[in-house]
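What follows is a single structure, written as structure tokens, with notes after it.
What you see is a predicted model; the values in this text were computed from it and never measured. Reminder, nothing fancy here: chain letters follow the sequence lines and each chain counts from 1.
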Protein chains: 2
Amino acid sequence: MSAVRASIPTGEHTAVPHAQPRPTSRDVARAAGVSQATVSLVLRGKWHGRVAPGTAETVRAAARELGYRPNVAARDLRLGRRRTVLLVVPALTNEFFARVYTGAARAAAERDVGVVLYPSPEGLGPARDPFESARATLDGVIASSMAPHALAALHDGGLPLVMLDSSPEDTPAAATVNLDLADGMRQVAAHLLGLGHRHLAHLTAGVESWTFALRARALDATLASAPGVRLTRVPAAELSVTGGLRTAERLLGGEPRPTAVVCDDDLLAAGACKAARRLGLRVPEDVSVTGCDDLSLATAVEPELTTVRLPAEDFGAAGMRALLAVLDAHPADTRPLPVRLLPRASSGPAPRTGGTAAPGAAPRSGGAAGRS
Amino acid sequence: MSAVRASIPTGEHTAVPHAQPRPTSRDVARAAGVSQATVSLVLRGKWHGRVAPGTAETVRAAARELGYRPNVAARDLRLGRRRTVLLVVPALTNEFFARVYTGAARAAAERDVGVVLYPSPEGLGPARDPFESARATLDGVIASSMAPHALAALHDGGLPLVMLDSSPEDTPAAATVNLDLADGMRQVAAHLLGLGHRHLAHLTAGVESWTFALRARALDATLASAPGVRLTRVPAAELSVTGGLRTAERLLGGEPRPTAVVCDDDLLAAGACKAARRLGLRVPEDVSVTGCDDLSLATAVEPELTTVRLPAEDFGAAGMRALLAVLDAHPADTRPLPVRLLPRASSGPAPRTGGTAAPGAAPRSGGAAGRS
DNA sequence: TGCCGAAGGTTATACGTAAAACTGATGCCT
DNA sequence: AGGCATCAGTTTTACGTATAACCTTCGGCA
């Protein structure tokens, strides 16, 4: 029934033809019996002392009556602004990045800024260069987990750039906003050491990236101060449940077997749990597993995952605020966002009869992270 | 150092008036020694027979040299087109909708159309009107799972509207694009009946919505032709793992206990599996569980979920193509998209000694969902 | 009385682009 | 020789908005 107006049947292959002719500010002016300038003044709220209150109300009523909405293209053209930023994320289907987007979009909306989303350079096909086509319209870019060459392409555009979870040094970005994942790793390590684990495995993302390198360093540093603790580091075949499963299967099938597996991601942790079960190991009685992110997956699986909760929405919002600050030539707040370990069911005391028990040294005295 | 000079005024006038001095087509014209019109002609590719090849090449070189990118606002203003559509989804953090978006965005990109995402009426705060926050004038709207009042608000905008997964009749939409979930339900029912189940439970989304009503009807219809089959229908407390867990706990704790639980969503199915385990029931030996969507969650949990795979990306793409067809006054393809049951580990033969059937046989032989 | 300054508007203009309408200069046909 | 098509461009205009610059009335006041 909806009266969708037939488009102009010219042979022209218009991508998207005119829909209904929308009322312009001039139409509103005509209806209210004033000039177009007055309409603009009133509707932009800059009329105090320049337009009589009664006239202003008349204009507003006319606009409402006609269902007037300003033409954004015309406004942006006139103001020479774009009020739009690009957010580049590896994949929206990863819940973490969906949450980052949500937070960023909300923070942007507060400042009346739009967000264009690129769900990865590959996401829209390699033929379309998102940066090329989008650059013309953007004020700035927030990028997450970019490969160096893509990053360089972004910077070539001369657009203000904010990087998420990247090295503050090695980047051409105007600012970086990070999560305090080093501290997260410290919390995980303290948690597991406190539970008596002495042989940890670190199931890494298997991706070359600053964040993941940072976590590895933080874990190493924490364990360095705990004597007699062994660490096995293994890169996952793929950053997915399946990848975690495959790699953890090898890891937990070998000897000596670690009593706890620290994973860089909840997906990997879920995979590790599956691997343990397939090998006949119980979680957490035989092996503890920890994840990172606190995806909804973490509480969907059995047992529920001990994990590091990342404030994804806040992270996106902080990135957006940093970019807007940069655009306003203000200093951006680049303090790392705090993260928190959420102990749940997938981690527990180290088994008494560890398959790896270091001979000689009594595992008793070294209990560093002693809970009082 | 990137000299960042762009500025988005903070609501009041800021001293810094404009963004970076970006070259215009006039600058290109000056550099190439031609008029602005010629630049436009050449760069839009409409110069054949109107501009000499040598001149065209000169223009292109000048544009490249200056790093010229057309001003999208000006172009859109001139062409009176918007080349942007709004996609409304309940929540991006739901992987299904993230995939719908991805597919829609890809289909849009093929036609040089942009997508503005509106992650639920609640997503950006209730005060914000979707049209206002869409930082573009829109050509049309694709909406998914809308409450009737929100839907009416959308339609008031007078924009061409395509609905996803909605009744073709009761909607003001110009077109609807659906998944063939009735057939999906039929496949699930056939699968479970084939495995010998005679007491099914239907754990519904607990949301009033056309799709879910459709599934219930389809399940009823299929079971009607199977004599002696009992169906218990229970609405979930909430469309989430926790909701599924809570409701399934009551469902599986009662008597007589169903031997299979058909869930409207993978989240519910995951919750049902957790509930079964907490009650000491094995899946699928004691109770079979099926889901819907085939989220990545489905293969992350143990056992992996038998589920109905929905082609989410195709769905989004089909919605976008339907909208673009409507805008072109072409007929939209509104055939429902086929879905497919993926039998995995969470469903198996009905137990011999069902709580509802005659006792006698040993629950031994179960294990693999051995089906030829 | 004459002048000033507000109040309450209006007119005119610019933003960058696309494209319609126009202009010269050729070359070719009859 | 005259006319006309063709080529290779240029001038001009319009899109809808925001705002600077410009007009009228007034009332007040020295």
Contact nearer the 5' end of DNA chain C, comparing A/P53 with B/L77: A/P53
B/E65 CD: over 12 foreign heavy atoms closer than 6.0 Å: no
Integer-rounded Å distance: C/dC15 C1' and B/D27 CG: 13 Å
Pick out the pairs of N or O atoms, protein on one side and nucleotides 18-22 of chain C on the other, that lie under 3.5 Å.
from, atom 1, to, atom 2, distance (Å)
C/dA18, OP1, B/R75, NE, 2.8
C/dA18, OP1, B/R75, NH2, 3.2
C/dA18, OP2, B/S40, OG, 3.1
C/dA18, N7, B/Q36, NE2, 3.2
C/dA18, N6, B/Q36, OE1, 3.2
C/dA18, N3, B/R78, NH1, 2.2

Whole angstrom value for the distance that separates P of D/dA8 from CD of B/E57: 16 Å
4.5 Å side-chain heavy-atom contact, B/Y101 and A/L92: yes
Main-chain N/O of B/P53 paired to B/T55 side chain as donor or acceptor, under 3.5 Å: no
A/T55 vs C/dG9: side-chain N/O to OP1/OP2 distance below 4.0 Å: yes
Estimated bend of the helix from C/dT1-D/dA30 to C/dT30-D/dA1 (axis per five terminal pairs, rounded to 10 degrees): 80°
Approximate separation, where rounding is to 0.5 Å, of B/S25 OG and B/L41 CG: 11.5 Å
Sugar-phosphate, base or nothing in reach of A/T24, heavy atoms under 4.0 Å: sugar-phosphate
Min side-chain heavy-atom separation A/R111-A/L327 under 4.5 Å: no
B/R321 side chain near B/D333 side chain, heavy-atom distance below 4.5 Å: no
First encountered from the 5' end of DNA chain C, between A/R26 and A/A56: A/A56
Nucleotide D/dT17, atom P - distance to CZ of A/R69 in whole Å: 13 Å
A/R22 CZ - D/dC15 P separation (whole Å): 16 Å
Pairing residues for A/A32 by the side chain to side chain contact (heavy atoms under 4.5 Å, CB included) criterion, not counting sequence neighbours: A/V34, A/T58, A/V59, A/A62
Close side-chain approach of B/P160 to B/L323, heavy-atom, < 4.5 Å: yes
Check: B/L337 and B/V177 side chains under 4.5 Å, non-hydrogen atoms: yes
5' priority, DNA chain D, between B/G49 and A/A73 [closest heavy atom]: B/G49
